[in-house]
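Reminder, nothing fancy here: chain letters follow the sequence lines and each chain counts from 1.
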Amino acid sequence: MQRAGVRPYAARRRSGTSIMIRDQIRQAVIDAVAAAQAAGDLPEMDIPQVEIQRPNQPEHGDYSSNVALLAASAVRKSTGGKVNPRQIAQSIVDHLAPNDSSGNGRADAIGSVELAGPGFINIRLGERWLQDQVPAILAAGADFGAIDKGEGERWQVEYVSANPTGPLHYGGGRNAVLGDTLANLLDAAGYEVQREFYVNDSGTQFQLFIESLYACYVQRCQQESEAAGPSAEVPEDGYHGAYLHDYAGIVWEREGDRYLKMERDAAVASMRDIGREIVLHDLEDELQELGVSFDRWFSERSLYDEGLVDTLLKQLAADGEVIERDGAHWFVASKYPGNEKDEVVIRSSGAPTYFASDIAYHYDKFVRRKFDRVINVWAVDHQGHVPRMGAVMRALDVDPERLVILLYNLVKLIRDGSEVKMSKRSGDLLTVREVVEEVGPDAVRFMLLTTSPERSVDFDMSLAVQRKNENRVYYVQYGHARICSLLQKAAQNGYEIPEAMPGDAADALSLLTHPAELTLIRKMLEMEEQIELAVERLSPHNLTYFAEDLTKAFSAFYENCQVLHSDVPPELARARLLLSLAARTALSRVLRLMGMTTPETM
RNA sequence: GCGCCAGUAGCUCAGUGGAUUAGAGCGUCGCCCUGCGGAGGCGAAGGUCGCAGGUUCGAGUCCUGCCUGGCGCGCCA
């Protein structure tokens, strides 16, 4: 019998994580199939991979499995014989022992099992078990929902990596939010995550930036001393943003006019370090305002300085991966699938392309630093680069599967019903900083996260600042604030709000039988699956929908189940307070995964 | 021309690698305040899932072709 898809769990399980309830149920079904076959109720047959789904209709239970349908189909195909899927399902149901009291903890979760439709097995969680999850959630606390999918694998997320030539354009905000949230998710899923920003401090763009900075610096010096000096114009194709004058001002304040005394080229060369420092500090600061930070800022130039680019290109040439043609050096991408053209790594002028250092960079990531997997977050306009990187991986003899590119579509900013691109204040492209200042970091993060990455997003800034129901950010944060308010009021009224679960609360929890209470518990228990799903599909946007569902479940409970009222017996009030505390734990976890704050009042 | 992505309710979008009656929010129309934050709750109406074929017992989901929109095809990054 096949048991594909059932992975053995690693021995090194992180404390606090347990086997996901869905996987426990899957195992129970697998066991039931085996038991049915052992008992002779189910003929020997190829049982396909057992999948457990969440039905759309609540009437179909909390979980369901279509094994019987798949098995019947497999038998029909292999033998041509007819099998009734309902009969197969019935045999499995008979061995699914919902009330097994053997104490293995698995069957406890299953409240009831039923056969439905053409052969579905619908499974409901038990009420008692659901009530017991409240203390489990409280015990997990800030780690609630953590799973051990990663088993400690080392993954890197490289994101933003914007040219270090000035503030981040608003489009880069989506990159920052996606990468940062994905890293949060990976961390929650048991991966060891490193967040990296690749600093392109070596190419022509950076050179133009420094030349532009130099020109502004010269202007500043002349302004300060009214002394005649070299005329300085920002290069035609350089950077003309107003911020360069701010940067130049910092250089002047720190270094005075010492660069003015050098030859232009020498001055530009020696300004590279301070220019880099200033712009990176600015970028770091700007990203911080969005709640985004990095473990490492990796310098492209360092790859040249240590000679890795050179070494690698020579080695690739020796392997026939890089050839000379028309005076230039080409990486022979065309020999790998998905690539039709070769790529220049050294121009006929002798200058390396960005692609040359990219090869070295990925060599460093995989061969030297040995990340199990690397996720690069790129805007769609870099899509043409994806197959090339696959070719690079093969040429470096690294499994291409280890490099994952997350492409995201562009952001369109809307204000008062029409698209905006430029800042009225500076005249340049709107920056992330300005958008954050206008609508707040939480709204930016949530809004940029609601749409799946491959779709373009219209970000309505006017809506994001409005305090009405149309604004989904407020709905969620309001929900959190309301829980906090309730708990606070309870404390004022003399209710004891335990930080941890009191040992004698088990009886009180059995009073949680209202549908709204049980629905809320069920919803919270989706956390692990949501985290797993978002990681598997690289879809952080799922979190926004889960946050809304969670808030909705709490609101329904809040409306239907009074907590602090003289009619409510103290034991029930206590149980409902514990449930509310668990709800705050869950909602706060989702908000933090999205990088948002958890306001106690609004 | 070739390639990638998208097309689901009036609007903005989900939809868990095929499965039980396609979901949510907003908007619209009804209810619910002598109760913990009404920035709320409950309910209704609203969809030939771009079009046409195909595979399958079963397709929004897989395959083929087409239509529309976005992006990409450089000795730029």
Over all strands shown, is [X] touching base, sugar-phosphate only, or nothing at heavy-atom distances under 4.0 angstrom?
X	value
A:Val380	sugar-phosphate
A:Thr451	sugar-phosphate
A:Ala481	base
A:Thr353	sugar-phosphate
A:His329	nothing
A:Glu600	base
A:Gly203	nothing
A:Ser452	sugar-phosphate
A:Asp326	base
A:Tyr558	base
A:Leu70	base
A:Asp381	sugar-phosphate
A:Asn542	sugar-phosphate
A:Cys561	base

Whichever of A:Tyr545 and A:Pro55 has its nearest RNA chain B nucleotide further upstream toward 5':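 Its nucleotide being nearer the 5' end, the pick is A:Tyr545.
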Earlier contact from the 5' end, RNA chain B, for A:Ser348 and A:Gln562: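 Taking each residue's closest nucleotide, the earlier one in sequence belongs to A:Gln562.
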Using the [atom1] atom as the reference point in each nucleotide, state the distance between [N] and [M] in Å, no decimals.
N	M	atom1	result
B:C11	B:G27	P	16 Å
B:U61	B:G1	P	26 Å
B:U8	B:A52	P	15 Å
B:G3	B:G40	C1'	49 Å
B:U21	B:U12	C1'	25 Å

Flag the pair [X] / [Y] as yes when at least one side-chain heavy-atom distance between them is below 4.5 Å, and no otherwise.
X	Y	result
A:Leu213	A:Tyr239	no
A:Val473	A:Arg445	no
A:Glu321	A:Lys335	yes
A:Tyr478	A:Met602	yes
A:Thr551	A:Leu587	yes

Short side-chain N/O contact to B:A39 OP1/OP2 from A:Arg472, under 4.0 Å: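 False: A:Arg472 side-chain N/O out of range (4.0 Å or more) of B:A39 OP1/OP2.
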side-chain N/O A:Thr450 vs B:U12 OP1/OP2, d < 4.0 Å: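 Answer is no, no contact under 4.0 Å.
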Aro-ring/base stack A:His60-B:U20, d under 5.5 Å, angle under 30°: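 Stacked: ring centres under 5.5 Å, planes under 30°.
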Nucleotide nearest A:Arg347 (side chain, heavy atoms from C-beta), chosen from B:C36, B:G37, B:C76: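 Among the listed nucleotides, the one closest to the side chain of A:Arg347 is B:C76.
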Qualifying side chain to side chain donor-acceptor pair (under 3.5 Å) pairs with a residue from residues 533-542 of chain A, counting only residues at least two apart or across chains: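 Every pair satisfying side chain to side chain donor-acceptor pair (under 3.5 Å) with a residue in residues 533-542 of chain A: A:Lys149-A:Glu536, A:Ser539-A:Asn542.
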State the pairing partner of [N]; accept Watson-Crick or G-U wobble contacts with both distances under 3.5 Å, and report none otherwise.
N	value
B:C13	B:G23
B:G7	B:C67
B:A39	none
B:A59	none
B:G72	B:C2
B:C49	none

Rounded to whole angstroms, how far apart are [atom1] on [X] and [atom2] on [N]?
X	N	atom1	atom2	result
A:His385	B:G74	NE2	C1'	13 Å
A:Arg54	B:G23	CZ	P	16 Å
A:Ile359	B:A77	CD1	C1'	15 Å
A:Leu533	B:U16	CG	C1'	5 Å
A:Arg22	B:U16	CZ	P	14 Å
A:Met447	B:G25	CE	P	16 Å
A:Glu59	B:U21	CD	P	11 Å
A:Ile414	B:C11	CD1	P	15 Å

Parallel, tilted or perpendicular: ring planes of A:Phe331 versus A:Tyr336, cut at 30 and 60 degrees: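 Because their plane-to-plane angle is under 30°, the rings of A:Phe331 and A:Tyr336 count as parallel.
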Considering only distance and modelled atom types, tabulate donor-acceptor pairs under 3.5 Å from the side chains of residues 484-494 of chain A, sequence neighbours left out.
none

Pair A:Asp549 + A:Lys552, salt bridge at N-O below 4.0 Å: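 Judged by the 4.0 Å cut-off on N to carboxylate O distance, A:Asp549 and A:Lys552 do not form a salt bridge.
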Residues A:Arg22, A:Glu532: salt bridge by 4.0 Å N-O rule: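 Salt bridge present between A:Arg22 and A:Glu532.
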Check against side-chain hydrogen bond (donor to acceptor under 3.5 Å, both in side chains), A:Asn175 and A:Tyr408: CA-CA 8 Å; A:Asn175 192 317; A:Tyr408 66 93; 3.3 Å; yes
Base of B:A19 paired with side chain of A:Asn66 (donor-acceptor, under 3.5 Å):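 In this structure, the two groups form a donor-acceptor pair.
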Base B:U20 to side chain A:Ser64, donor-acceptor N/O within 3.5 Å cut-off: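 Present.
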Output one line per pair: protein atom, nucleotide atom from nucleotides 2-7 of chain B, and distance, for all N/O pairs under 3.5 Å.
from	atom 1	to	atom 2	distance (Å)
B:G3	N2	A:Gln383	OE1	2.4
B:C4	O2	A:Gln383	OE1	3.4
B:C5	O2'	A:Glu454	O	3.0
B:G7	OP1	A:Arg455	NH1	3.1

Residues forming a ring-ring contact (aromatic ring centres under 6.0 Å, His included) with A:Tyr361, sequence neighbours excluded: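 Scan of A:Tyr361 (ring-ring contact (aromatic ring centres under 6.0 Å, His included), adjacent residues dropped) gives A:Tyr198, A:Phe298.
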Syn-anti status, with the boundary at 90° from 0, for the nucleotide B:C57: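 B:C57: anti.
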Sequence neighbours excluded - ring pair (Phe, Tyr, Trp, His ring centres under 6.0 Å) pairs with any residue from residues 553-579 of chain A: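 Those involving residues 553-579 of chain A are A:Phe554-A:Phe557, A:Phe554-A:Tyr558.
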Residue pair A:Asn376, A:His362: steps toward the side-chain hydrogen bond (donor to acceptor under 3.5 Å, both in side chains) verdict: CA-CA 11 Å; A:Asn376 290 353; A:His362 284 81; 3.0 Å; yes
Just the atom pairs and distances: protein N or O near nucleotides 41-48 of chain B's N or O, under 3.5 Å.
from	atom 1	to	atom 2	distance (Å)
B:G41	OP1	A:Tyr475	OH	2.8

